[in-house]
Enquirer: 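The structure's right below; bear with me while I get my questions together.
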Amino acid sequence: MKNFKIDHRTNNGFEVLDLFGELDAHTASELEDALKQLISHKKSNIIVNFQQLEYIASAGLGVFMAYIEDVRSIGGDIKLTNMNDKVFNVFDLLGFPTLYDIMDDEASAIKKFLNEMS
Amino acid sequence: MKCPDSLEKTSTYIKKIQASTENLAEVREFVSKHASDHGFSKKNISDIRLAVDEACTNIIKHAYNYDKSKVVSIELEFNNNQLIVVLSDYGIGFNPDSYEKPNIPEQIKLKKRGGMGVHLIRNLMDKVVYQKSDGKNILYMKKNRN
């Protein structure tokens, strides 16, 4: 059963990954591949939009843990937006809000990126 | 005071899956459906679903090392006030009591993942007990209805 999907687009020059469905230990490799591809093309200002993500398990968070240093080391960041309460709760239980920018929406993430660049 | 037998009705549901992460979605559906049928709140269903997913993931990865020929058994026992989830396997033992809270900043530096599932399970469920006997690992996870 296919229950996870990622779309890639750009918004004002920033890379956006839209997540759909359920991110677990089975589907996490798709997110990993998408992030690896962006990093290999030196695209490091990344926004991950969780608007359509219904569920996340720790394997999904593990992907962000594995790549954030790579992205930050080339001057970029991964900002996370539009999480529903259930998904945010998982990030919160593991203490991610102090380590990652978790924003309400894409516009806030873009504003933060622009502030950091100026 | 002990309730009369008629009020202590217990319902049990059992599912067995092959040890592959592709079956996790089916496990979540099984757990969510029965917890919902037994009147658990949306928040509780969400907690139970994640805890069972994390525990099954650990069994598939660590106890069975992704060997699809192995079987994970998931048993749900509902009574008036609580759900007890019983997960069993015959793989490499895995005692959740031996895990510390993961140090996420340190793990990020070292690009290390893992250890988060147990922390979540402990936070999401009301009681977690691990037992090993005759090569069988049994993980009991209790969630109170209220």
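In the text below, chain A, chain B and the rest are named by the order of the sequence lines, each starting its count at 1. Since the structure is predicted, the reported quantities are computational estimates derived from the model, not experimental observations.
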Enquirer: Got a donor-acceptor contact below 3.5 angstrom from the B:Q107 side chain to the A:M65 backbone?
Expert: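 Answer holds: no.
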Enquirer: Give, as side chain, backbone, both or neither, the part of A:L99 having an atom under 4.5 angstrom from any heavy atom of chain B.
Expert: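 Side chain of A:L99 only, per the 4.5 Å heavy-atom cut-off to chain B.
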Enquirer: Counting a contact as any heavy-atom pair under 4.5 Å apart, which residues of residues 85-93 of chain A contact chain B?
Expert: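 Contacts with chain B: A:K86, A:N89, A:V90, A:L93.
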Enquirer: Run through the side-chain heavy atoms of Ile, Leu, Val, Met, Phe, Trp and Tyr, join any pair under 4.5 Å, and report what else lands in B:Y140's cluster.
Expert: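 Reading the cluster by chain and number, B:Y140 sits alongside B:I84, B:V86, B:V129, B:I138.
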Enquirer: B:K42, B:H119, B:K111: which one forms the most heavy-atom pairs within less than 4.5 Å of chain A?
Expert: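 When all of B:K42, B:H119, B:K111 are compared, B:K111 has the most.
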Enquirer: Take B:R28 and A:N3, measure what side chain to side chain contact (heavy atoms under 4.5 Å, CB included) needs, and give me the verdict at the end.
Expert: CA-CA 12 Å; B:R28 293 196 296 272; A:N3 58 357; 3.5 Å; yes
Enquirer: Using the rule that Ile, Leu, Val, Met, Phe, Trp and Tyr join whenever any side-chain heavy atoms are under 4.5 Å apart, tell me whether A:I102 and A:F14 fall into a single cluster.
Expert: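 Different clusters: A:I102 never reaches A:F14 through Ile, Leu, Val, Met, Phe, Trp or Tyr contacts under 4.5 Å.
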Enquirer: For residues B:A25 and A:E22, report the shortest heavy-atom separation together with the two atoms involved.
Expert: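 Shortest heavy-atom contact: CB-OE1, 4.4 Å.
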Enquirer: Within a 6.0 Å radius of atom CD on A:E69, are there more than 12 heavy atoms belonging to other residues, nucleotides or ligands?
Expert: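 Yes, the 6.0 Å shell around CD holds more than 12 heavy atoms from other groups.
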Enquirer: If hydrophobic clusters are built from ILVMFWY residues whose side chains come within less than 4.5 Å, do A:F50 and A:Y67 share one?
Expert: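 Same hydrophobic cluster.
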Enquirer: Examine A:I56 and A:V16 and state if one hydrophobic cluster contains both, with Ile, Leu, Val, Met, Phe, Trp and Tyr joined whenever side-chain heavy atoms are less than 4.5 Å apart.
Expert: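 Looking at the clustering, A:V16 is in a separate group from A:I56.
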Enquirer: For a quick test of reading the model, state the closest non-hydrogen atom pair linking A:S58 to B:G117 and the distance between them.
Expert: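 Residues A:S58 and B:G117, closest heavy atoms: OG-N, 3.9 Å.
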Enquirer: Applying the side chain to side chain contact (heavy atoms under 4.5 Å, CB included) test to A:D24, which of B:T21, B:V27, B:L50, B:D53 qualifies?
Expert: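 For A:D24, the side chain to side chain contact (heavy atoms under 4.5 Å, CB included) check succeeds only for B:D53.
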Enquirer: So for atom NZ, which belongs to B:K15, do other residues, nucleotides or ligands contribute more than 12 heavy atoms lying within a distance under 6.0 Å?
Expert: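 Yes, the 6.0 Å shell around NZ holds more than 12 heavy atoms from other groups.
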Enquirer: So which part of A:F64 gets closer than 4.5 Å to some heavy atom of chain B, the side chain, the backbone, both or neither?
Expert: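 The answer is neither part of A:F64.
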Enquirer: Starting at CG of A:L61, measure out to CD1 of B:I104 and round the result to the nearest 0.5 Å.
Expert: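 It is 8.0 Å, given to the nearest 0.5 Å.
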Enquirer: Enumerate, atom names and distances included, each donor-acceptor pair closer than 3.5 Å involving a side-chain atom of residues 109-118 of chain A, sequence neighbours excluded.
Expert:
unit_1 : atom_1 : unit_2 : atom_2 : d
A:K112 : NZ     : A:D101 : OD1    : 2.9
A:K112 : NZ     : A:D101 : OD2    : 3.0
A:E116 : OE1    : A:K79  : NZ     : 3.1
A:E116 : OE2    : A:K79  : NZ     : 3.0
A:S118 : OG     : A:N115 : O      : 3.0

Enquirer: With a 4.5 angstrom heavy-atom cut-off, could you sort out which part of B:K112 is near chain A: side chain, backbone, both or neither?
Expert: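 For B:K112, backbone heavy atoms alone lie under 4.5 Å from chain A.
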Enquirer: Is any side-chain heavy atom of A:Y55 closer than 4.5 Å to one of B:R49?
Expert: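 When only atoms from C-beta onward are counted, A:Y55 and B:R49 do touch, with a gap below 4.5 Å.
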Enquirer: Using the rule that two of Ile, Leu, Val, Met, Phe, Trp, Tyr join whenever any of their side-chain heavy atoms come within less than 4.5 Å, decide whether B:I59 and B:V31 are in one cluster.
Expert: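 Per the 4.5 Å side-chain linkage, B:I59 and B:V31 are co-clustered.
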Enquirer: Listed by chain and number, what are the ring pair (Phe, Tyr, Trp, His ring centres under 6.0 Å) partners of B:H38, not counting sequence neighbours?
Expert: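 B:H38 satisfies ring pair (Phe, Tyr, Trp, His ring centres under 6.0 Å) with B:Y13, B:F78 once adjacent residues are dropped.
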Enquirer: Verify the neighbour count for atom NZ of B:K136: are there more than 12 heavy atoms of other residues, nucleotides or ligands below 6.0 Å?
Expert: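 Atom NZ in B:K136 is not crowded, with 12 or fewer foreign heavy atoms closer than 6.0 Å.
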Enquirer: Linking I/L/V/M/F/W/Y whenever their side-chain heavy atoms sit closer than 4.5 Å, directly or via other members, would B:V118 and B:Y130 fall into one cluster?
Expert: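 As far as the 4.5 Å side-chain criterion goes, B:Y130 and B:V118 are not connected within one cluster.
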Enquirer: Carefully, step by step, assess A:Y100 and B:I108 under the rule side chain to side chain contact (heavy atoms under 4.5 Å, CB included).
Expert: CA-CA 11 Å; A:Y100 292 77; B:I108 286 173; 3.5 Å; yes
Enquirer: Between B:R113 and A:G62, which heavy-atom pair has the shortest distance, and what is it?
Expert: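 Looks like CD-O, 3.4 Å.
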Enquirer: Below 4.5 Å, heavy-atom pairs only: which of B:L110, B:T57, B:L120, B:L124 has the largest tally toward chain A?
Expert: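 Option with the top pair count is B:L120.
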